[in-house]
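Structure first, then comments.
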There are 2 protein chains.
Amino acid sequence: MDDPCHVASGLGDRHQLRFSELKNGIEGITQRMLTLTLRNLERDGLLIRHYFPEVPPRVEYQLTEMGASMLPALEGFTSWIRQNWPRIEECRKRYDSR
Amino acid sequence: MDDPCHVASGLGDRHQLRFSELKNGIEGITQRMLTLTLRNLERDGLLIRHYFPEVPPRVEYQLTEMGASMLPALEGFTSWIRQNWPRIEECRKRYDSR
DNA sequence: CGGAATCCTTCTCGATACTG
DNA sequence: CAGTATCGAGAAGGATTCCG
């Protein structure tokens, strides 16, 4: 892992997000990896995929209740990471230059 | 991931653990993987490796202050996983049998 | 005891091309 | 637009052997 701090931010607080919105919101992710990740989250019951058979097609993703309940549970850890990441990077530099 | 619930438990509340104690406490881990994982945690500044040049050699691992501070931050997420894991497994089964 | 080194197989993932 | 299919390089990781 290089930088754990790419949370899909700046996307407002809407509850449905299109594939392209997610892709644009997560820097550096490839289409393939986003597709696979969304499939796994769907398989785990953490999100629901809404497919609209229009032209062009539209797909919107939405957290399930369980998926939404995970966010606050994860919050403590993510904030710990945000606070300690610089220090971890320092430790790595020091460890590597020895 | 298959079962996220192997926390090294039943090892008491000592603050120093030997390599073999960790290995025995984490079911299914290989020597190689434990070594690599401990090296990475040490590199990140999350634990300290104490080497005692005896015969036979003894190595003890101990969390740093930062490492110890991560545990409570992680607690919310791990307890969420323990609570929701059965449901996630159900969802996976249902998804896979379609 | 606690590794390091090596081999070898499997998995991961990006890149690319194609499609309903 | 939101995928699927395929290929190939590289990483991950188990098994085994050797070592201070």
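So that the names make sense, note that chain A is the first sequence line, chain B the second, and so on, each numbered from 1.
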Q. Within the structure shown, what part of the strands sits under 4.0 Å from B:F52 by heavy-atom distance: base, sugar-phosphate, or nothing?
A.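 No contact.
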Requested in this report: Just call it for A:E54: base, sugar-phosphate, or nothing, with non-hydrogen atoms closer than 4.0 Å on any strand.
Outcome: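 No contact.
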When the distance from [atom1] of [X] to [atom2] of [N] is rounded to whole Å, what number comes out?
X: A:L22; N: D:dG3; atom1: CG; atom2: C1'; value: 14 Å
X: A:I26; N: C:dC13; atom1: CD1; atom2: P; value: 14 Å
X: B:N24; N: C:dG2; atom1: CG; atom2: C1'; value: 13 Å
X: B:E21; N: C:dG3; atom1: CD; atom2: P; value: 13 Å
X: B:L34; N: C:dA4; atom1: CG; atom2: C1'; value: 14 Å
X: A:N40; N: D:dG3; atom1: CG; atom2: P; value: 14 Å
X: B:M33; N: D:dG13; atom1: CE; atom2: P; value: 4 Å
X: A:E60; N: D:dC1; atom1: CD; atom2: C1'; value: 12 Å

(message) Could you report the tightest heavy-atom contact between A:M33 and A:I29, atom names first, then the distance?
(response)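 Minimum heavy-atom separation between A:M33 and A:I29: CB-CG1, 3.9 Å.
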Problem - side chain to side chain contact (heavy atoms under 4.5 Å, CB included) evaluation trace for B:Y61 with B:I48 - result: CA-CA 6 Å; B:Y61 293 91; B:I48 300 172; over 6 Å; no
Which nucleotide wins on minimum distance to the side chain of [X], given the candidates [options]?
X: A:Q31; options: D:dG3, C:dG3, C:dG20; result: D:dG3
X: B:V59; options: C:dG14, D:dA2, C:dG2; result: C:dG2
X: B:R18; options: C:dG14, C:dG2, D:dG3; result: C:dG2
X: A:R32; options: C:dC13, D:dA2, D:dA15; result: C:dC13

task = Taking atom CZ of B:R49 as the centre, report whether more than 12 heavy atoms of other residues, nucleotides or ligands fall under 6.0 Å from it.
result =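 Yes, the 6.0 Å shell around CZ holds more than 12 heavy atoms from other groups.
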In plain terms, say whether B:R58 and B:E60 are close enough for a salt bridge, that is, a side-chain N and a carboxylate O under 4.0 Å apart.
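Answer for the salt bridge query: yes.
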Between B:E21 and B:K23, does any side-chain N to carboxylate O distance fall below 4.0 Å?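 The answer is no: the pair does not qualify as a salt bridge.
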Would you indicate, yes or no, if [N] has its OP1 or OP2 atom less than 4.0 angstrom from a side-chain nitrogen or oxygen of [X]?
X: B:R49; N: C:dG3; result: yes
X: A:Y51; N: C:dG20; result: no
X: B:S20; N: C:dC1; result: no

| message | Closest-nucleotide mapping onto DNA chain D: is A:T35 or A:P56 further toward the 5' terminus? I mean the 5' end. | response |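 Whichever sits nearer the 5' end wins; that is A:P56.
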>> Which is more 5' along DNA chain C, the nucleotide nearest B:L38 or the one nearest A:T30? Just name the residue.
In response: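 Residue closer to the 5' terminus by nearest nucleotide: B:L38.
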